[in-house]
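FYI, the numbering just counts along the sequence from 1. Owing to the predicted nature of the structure, the values given are computational and were not obtained by experimental measurement.
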Amino acid sequence: MKRFLFPVEYYRSTYNIDFNHYYDLGYRGIIFDIDNTLVPHDAMSDERSRKLLKNLREMGFKIIFLSNNDEPRVKNFANEINSDGLSTINYIYKAKKPLKDSYIKAAEILKIEPKNMLFIGDQIFTDILGANNAKIHSILVDKVNKKEDAHIYLKRILEYPIKGLYLMKHRKK
């Protein structure tokens, strides 16, 4: 069971990841969760997220957002990012994570094989489980902001022991 709940890798922040390394390894697509992965929950893009996503597209990555949130939230976030005139970042809303279908659909939209995709998210029971089931390289990051809705906080309580076991076996980055 742990192989489905453990990420392939863990970083303290999305902004600590060496994306050049992954590009050199042949990864060409990135699926991002939005809330508490790129920005605080329900926040719009900030300078840091816009800069990261711009750099990744300039590097050659294709990107898509995958969120369980409703369309207005995800669409508005994507529209802000896409206003820079670079390649368009698509999105999937109400993704029903951790079901693998939306992860596979994301790879199909980008026209990239799942084995050449990265998924980056902050939750084990939705983000990581779904990416692992879809056979997409999963990267767990710490949440951007401590403030969360009650239902997410309750999931975190269950995630802490799993994350603790993972960190005992793997070095933090």
Side-chain angles (χ1 to χ4, degrees), residues 2-25 27-57 59 61-69 73-74 77-78 81 89 91-92 95 97-98 100 102-103 106-107 110 114 116-149 151-173:
K2 72 179 179 184
R3 70 184 177 103
F4 291 106
L5 295 176
F6 279 8
V8 175
E9 296 183 90
Y10 161 77
Y11 289 84
R12 291 185 187 270
S13 169
T14 300
Y15 302 97
N16 291 352
I17 298 171
D18 178 1
F19 289 100
N20 287 309
H21 170 71
Y22 292 104
Y23 195 84
D24 290 345
L25 291 175
Y27 291 96
R28 294 298 181 261
I30 304 174
I31 305 170
F32 277 106
D33 174 53
I34 297 171
D35 290 324
N36 257 339
T37 297
L38 290 167
V39 295
H41 198 275
D42 287 333
M44 294 313 287
S45 66
D46 56 17
E47 185 177 337
R48 184 168 74 158
S49 62
R50 287 189 301 273
K51 181 179 178 184
L52 172 67
L53 295 165
K54 179 180 185 229
N55 290 343
L56 292 173
R57 288 182 285 164
M59 191 183 302
F61 280 108
K62 292 182 180 180
I63 299 168
I64 190 166
F65 299 126
L66 186 66
S67 176
N68 283 343
N69 222 318
R73 161 68 180 135
V74 183
F77 186 87
I81 298 298
I89 296 178
Y91 61 88
I92 299 172
K97 295 183 288 183
K100 70 179 181 179
S102 57
Y103 294 80
L110 296 182
N116 296 337
M117 300 280 300
L118 299 172
F119 178 87
I120 300 166
D122 67 299
Q123 293 187 55
I124 292 171
F125 293 130
T126 53
D127 299 330
I128 301 306
L129 179 59
N132 288 346
N133 284 335
K135 296 182 174 47
I136 293 173
H137 189 103
S138 61
I139 298 175
L140 178 68
V141 295
D142 286 342
K143 58 188 175 184
V144 172
N145 189 332
K146 292 181 182 181
K147 183 181 175 192
E148 295 183 299
D149 290 341
H151 73 283
I152 295 172
Y153 177 75
L154 293 174
K155 284 193 279 184
R156 297 273 188 209
I157 292 171
L158 298 172
E159 288 180 353
Y160 287 131
I162 296 165
K163 185 177 175 184
L165 284 171
Y166 175 84
L167 293 176
M168 284 183 356
K169 294 181 180 232
H170 300 84
R171 185 175 69 91
K172 280 189 178 185
K173 293 183 181 184

If only atom types and distance count, is the side chain of [X] paired as donor or acceptor with the main-chain N or O of [Y] below 3.5 Å?
| X | Y | value |
| --- | --- | --- |
| S138 | V8 | yes |
| N16 | Y11 | no |
| E9 | I139 | no |

Check: [Y] and [X] side chains under 4.5 Å, non-hydrogen atoms:
| X | Y | answer |
| --- | --- | --- |
| V144 | R48 | yes |
| L66 | F119 | yes |
| I120 | F19 | yes |
| I92 | F65 | no |
| Q123 | I128 | no |
| F77 | S45 | yes |
| V39 | M44 | no |
| F125 | L5 | yes |

Quiz prompt | Pi-cation contact, F61 with R28 (under 6.0 Å, within 45°) | solution =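 That pair does not qualify as a cation-pi contact.
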For [X], give me all partners under side-chain hydrogen bond (donor to acceptor under 3.5 Å, both in side chains), at least two apart in sequence or on another chain.
| X | answer |
| --- | --- |
| N69 | D35 |
| T126 | none |
| Y103 | none |
| D46 | S49 |

Quiz prompt | Member of I124, N132, L129 meeting the side chain to side chain contact (heavy atoms under 4.5 Å, CB included) criterion with P98 | solution =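 The single option meeting the side chain to side chain contact (heavy atoms under 4.5 Å, CB included) with P98 is L129.
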Quiz prompt | Residues which pass salt bridge (Lys or Arg N to Asp or Glu O under 4.0 Å) with K54, listed by chain and number, not counting sequence neighbours | solution =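 Per chain and number, K54 pairs via salt bridge (Lys or Arg N to Asp or Glu O under 4.0 Å) with E58.
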Quiz item: ring-ring contact (aromatic ring centres under 6.0 Å, His included) with F32: which residues, sequence neighbours excluded?
Solution: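 Result, ring-ring contact (aromatic ring centres under 6.0 Å, His included) vs F32: none returned.
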Which value, rounded to the nearest 0.5 Å, describes the distance between [X] atom [atom1] and [Y] atom [atom2]?
| X | Y | atom1 | atom2 | value |
| --- | --- | --- | --- | --- |
| I31 | T37 | CD1 | OG1 | 12.5 Å |
| L56 | I17 | CG | CD1 | 9.0 Å |
| L110 | I64 | CG | CD1 | 5.0 Å |
| H41 | D122 | NE2 | CG | 9.0 Å |
| I89 | K62 | CD1 | NZ | 13.0 Å |
| L38 | I81 | CG | CD1 | 7.5 Å |

Self-check item: Y10 vs D142, side chain to side chain donor-acceptor pair (under 3.5 Å): CA-CA, chis, key distance, verdict
Solution: CA-CA 8 Å; Y10 161 77; D142 286 342; 2.7 Å; yes
Self-check item: Aromatic contact, Y27 with H137 (centres under 6.0 Å)
Solution: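 Centroid separation for Y27 and H137: below 6.0 Å.
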Quiz item: When K97 is tested against each of D33, N68, N133 for side chain to side chain donor-acceptor pair (under 3.5 Å), which residue passes?
Solution: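 Filter result, single survivor: D33.
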